[in-house]
**Student:** 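Just dropping this structure here.
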2 protein chains.
Amino acid sequence: MKKDIKKYKLLNIKLTPQRIAILDYLERNKTHPSVSEIFKYVNRRFPSMSFATVYNTLNTLVQHGRIRELTMDNDKKRFDPNTLPHHHLTCIKCKRIIDVDLDYPLSLPENKSSGFKVLGNHIEFYGICSECSSLNKQQKKKLSEII
Amino acid sequence: MKKDIKKYKLLNIKLTPQRIAILDYLERNKTHPSVSEIFKYVNRRFPSMSFATVYNTLNTLVQHGRIRELTMDNDKKRFDPNTLPHHHLTCIKCKRIIDVDLDYPLSLPENKSSGFKVLGNHIEFYGICSECSSLNKQQKKKLSEII
DNA sequence: TTATTAGATTATAATGATTATAAAATAAGA
DNA sequence: TCTTATTTTATAATCATTATAATCTAATAA
Ligand SMILES: [Mn+2]
Ligand SMILES: [Mn+2]
Ligand SMILES: [Zn+2]
Ligand SMILES: [Zn+2]
């Protein structure tokens, strides 16, 4: 209880069980989950929880700078509880997203920024994860199971 | 006519007026437009054109590696006719996306890539464009006009 | 040139993600 | 404990995107 308050109170938003559950899930999770993944999890503990609450909570947390909204997955929003500057590596097949905790000092000269105030950057490495690399074998298995 | 064929024929897809118009628009355009922006434009020349054709064409061109689908804008897909490796600078307010044509050699050591086959990277610089920076004044004007 | 046909376009329905609305519930402070 | 501003919930609405099926046409070859 105290923990929760200590951890979340600074946001100056009401501390509800649903919000605590959502933020707890995000913090114990390194997968950069989507809204439906978050909903699936917290809904197990709060069967009455609405999908709208997950959206509301996530939007509120983003607005308060408590979490970060990722863009790499064009199909749906993904969320990151770590708002410190860091980069990501995405699997182009399954859209798995992992952290890249390396420092890359990137400077963008003013004469190349067309009048923009440059605030930061984010590197998206992309590739194919090990599961998707070895999919040829698995594909056959799964296909044979399905068909 | 010959130009079109020379330009697009290599894709081994049927050369239709709609496809030519869509690709022409993309190539004369540095704004990384969305589907609806593309539709709005080509629909002026092909009033019978369907929204589905724009989606179909864009997906086909992406699949054939002729254009690139961008992810920075979480609200809608944006498209880039330049498939050569380059980076981008996005306005966090209006989502304007401009090119960053600088070479940044970024290496991701194997022991930091969790078994991924790393294929490339893309840097998203972000900031505030000049139009959005000066919005405070404009906002007042527009607000006073509206209210 | 004409006939054939695989592939493209169109109109439209369906889906999926996200946002909006309004009533009921509740956290937080007095 | 009381009050109230916020939040949650249920649900409808909206927006982007994909799927379907009928119609059309670019490309090929006779
Ligand atoms: Mn992360
Ligand atoms: Mn570009
Ligand atoms: Zn994968
Ligand atoms: Zn802007």
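From a predicted model like this one, the values you see are computed outputs, not experimental measurements. Numbered from 1 within each chain, the chains take letters A, B, ... in sequence-line order.
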**Student:** Does B/Leu70 sit in a hydrophobic cluster with other residues, and if so which ones, taking ILVMFWY side chains as linked at heavy-atom separations under 4.5 Å, directly or through other members?
**Tutor:** B/Met72, B/Ile97
**Student:** For the helix from C/dT1-D/dA30 to C/dA30-D/dT1, what angle lies between the axis at the first five pairs and the axis at the last five pairs, to 10 degrees?
**Tutor:**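 The angle, to the nearest 10 degrees, is 30°.
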**Student:** With respect to the phosphate group of D/dT8, does any side-chain polar atom (N or O) of A/Thr16 fall under 4.0 Å of OP1 or OP2?
**Tutor:**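 For D/dT8, OP1/OP2 do have a side-chain N/O of A/Thr16 under 4.0 Å.
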**Student:** Could you tell me how far apart B/His64 (NE2) and C/dG7 (C1') are, to the nearest whole angstrom?
**Tutor:** 11 Å
**Student:** When the nearest nucleotide of DNA chain D is assigned to B/Asp75 and to A/Pro47 on a heavy-atom basis, which residue is associated with the more 5' position?
**Tutor:** A/Pro47
**Student:** Could B/Glu131 and B/Lys93 be called an ion pair, given the rule that one side-chain N must be under 4.0 Å from one carboxylate O?
**Tutor:**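 No.
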**Student:** Mind checking what makes salt bridge (charged side-chain N to carboxylate O under 4.0 Å, His left out) contact with B/Lys76, not counting sequence neighbours?
**Tutor:**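 Scan of B/Lys76 (salt bridge (charged side-chain N to carboxylate O under 4.0 Å, His left out), adjacent residues dropped) gives B/Asp73.
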**Student:** Could you tell me which residues satisfy side chain to side chain contact (heavy atoms under 4.5 Å, CB included) with B/Pro81, sequence neighbours excluded, listed by chain and number?
**Tutor:**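 Applying side chain to side chain contact (heavy atoms under 4.5 Å, CB included) to B/Pro81 gives B/Leu26, B/Glu27.
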**Student:** Separation of A/Phe39 atom CZ from C/dT18 atom C1', in whole Å?
**Tutor:**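 In whole Å, C/dT18 C1' lies 14 Å from A/Phe39 CZ.
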**Student:** Could you go over nucleotides 3-6 of chain C and give all protein N or O partners under 3.5 Å, atom names and distances?
**Tutor:**
residue	atom	partner	partner atom	Å
C/dA6	N3	B/Lys14	NZ	3.2

**Student:** What is the distance, to the nearest angstrom, from the CD atom on A/Glu69 to the C1' atom on C/dT19?
**Tutor:** 13 Å
**Student:** In whole angstrom, what separates A/Glu37's CD from C/dG16's P?
**Tutor:**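 Atom-to-atom, A/Glu37 to C/dG16, this comes out as 16 Å.
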**Student:** Rounding to an integer number of Å, can you tell me how far A/Asp73 CG sits from D/dA16 P?
**Tutor:**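 To the nearest whole Å, that distance equals 18 Å.
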**Student:** Not counting sequence neighbours, which residues clear side chain to side chain contact (heavy atoms under 4.5 Å, CB included) with B/Leu119? List them please.
**Tutor:** A/Ile92, A/Tyr126, A/Ile128
**Student:** What pairs with B/Arg28 under side chain to side chain contact (heavy atoms under 4.5 Å, CB included), at least two apart in sequence or on another chain?
**Tutor:** B/Asp24, B/Tyr41
**Student:** Using salt bridge (charged side-chain N to carboxylate O under 4.0 Å, His left out) as the criterion, list what pairs up with A/Lys95, not counting sequence neighbours.
**Tutor:**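 For A/Lys95, no residue satisfies salt bridge (charged side-chain N to carboxylate O under 4.0 Å, His left out) once neighbours in sequence are set aside.
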**Student:** Write out all pairs satisfying side chain to side chain donor-acceptor pair (under 3.5 Å) with one or both partners inside residues 101-114 of chain A, taking only residues at least two apart or from two chains.
**Tutor:**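 Matches after skipping sequence neighbours: none remain.
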**Student:** Return the value, rounded to whole Å, for the distance between atom CD1 of A/Ile13 and atom P of D/dT7.
**Tutor:**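 Taking CD1 of A/Ile13 and P of D/dT7, I get 7 Å after rounding.
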**Student:** Does B/Gln18 put a side-chain nitrogen or oxygen below 4.0 Å from OP1 or OP2 of C/dT10?
**Tutor:**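 So the side-chain polar atoms of B/Gln18 do come within 4.0 Å of the phosphate oxygens OP1 or OP2 of C/dT10, strictly under.
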**Student:** Write down the distance between NZ (B/Lys95) and P (D/dA16), rounded to a whole number of angstrom.
**Tutor:** 13 Å
**Student:** Is the distance between the ring centroids of B/His88 and B/His32 less than 6.0 Å?
**Tutor:**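 Ring-ring flag for B/His88/B/His32: true, centres closer than 6.0 Å.
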**Student:** Decide, yes or no, whether a salt bridge links B/Glu69 with B/Arg78 under the criterion of side-chain N to carboxylate O below 4.0 Å.
**Tutor:**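 No, B/Glu69 and B/Arg78 are not salt-bridged.
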**Student:** So, using side chain to side chain contact (heavy atoms under 4.5 Å, CB included) as the criterion, who are the partners of B/Thr83 when residues are at least two apart?
**Tutor:** B/Arg68
**Student:** Is the shortest side-chain N/O distance from B/Arg19 to OP1 or OP2 of C/dT9 below 4.0 Å?
**Tutor:**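 Indeed, a polar side-chain atom of B/Arg19 lies that close.
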**Student:** Go through residues 48-60 of chain A and report each residue with a non-hydrogen atom lying under 4.0 Å from DNA chain C, sorted by number.
**Tutor:** A/Ala52, A/Tyr55, A/Asn59
**Student:** Quickly work out the A/Lys76 NZ to C/dT19 C1' distance and round it to whole Å.
**Tutor:** 19 Å
**Student:** For a quick test of your reading: what N or O donor-acceptor pairs under 3.5 Å do the side chains of residues 46-65 of chain A make, sequence neighbours left out?
**Tutor:**
residue	atom	partner	partner atom	Å
A/Ser50	OG	A/Ala52	N	3.0
A/Asn56	ND2	A/Ala52	O	3.2
A/Thr57	OG1	A/Thr53	O	2.8
A/Asn59	ND2	A/Tyr55	O	3.3
A/Thr60	OG1	A/Asn56	O	2.9
A/His64	ND1	A/Thr60	O	2.9

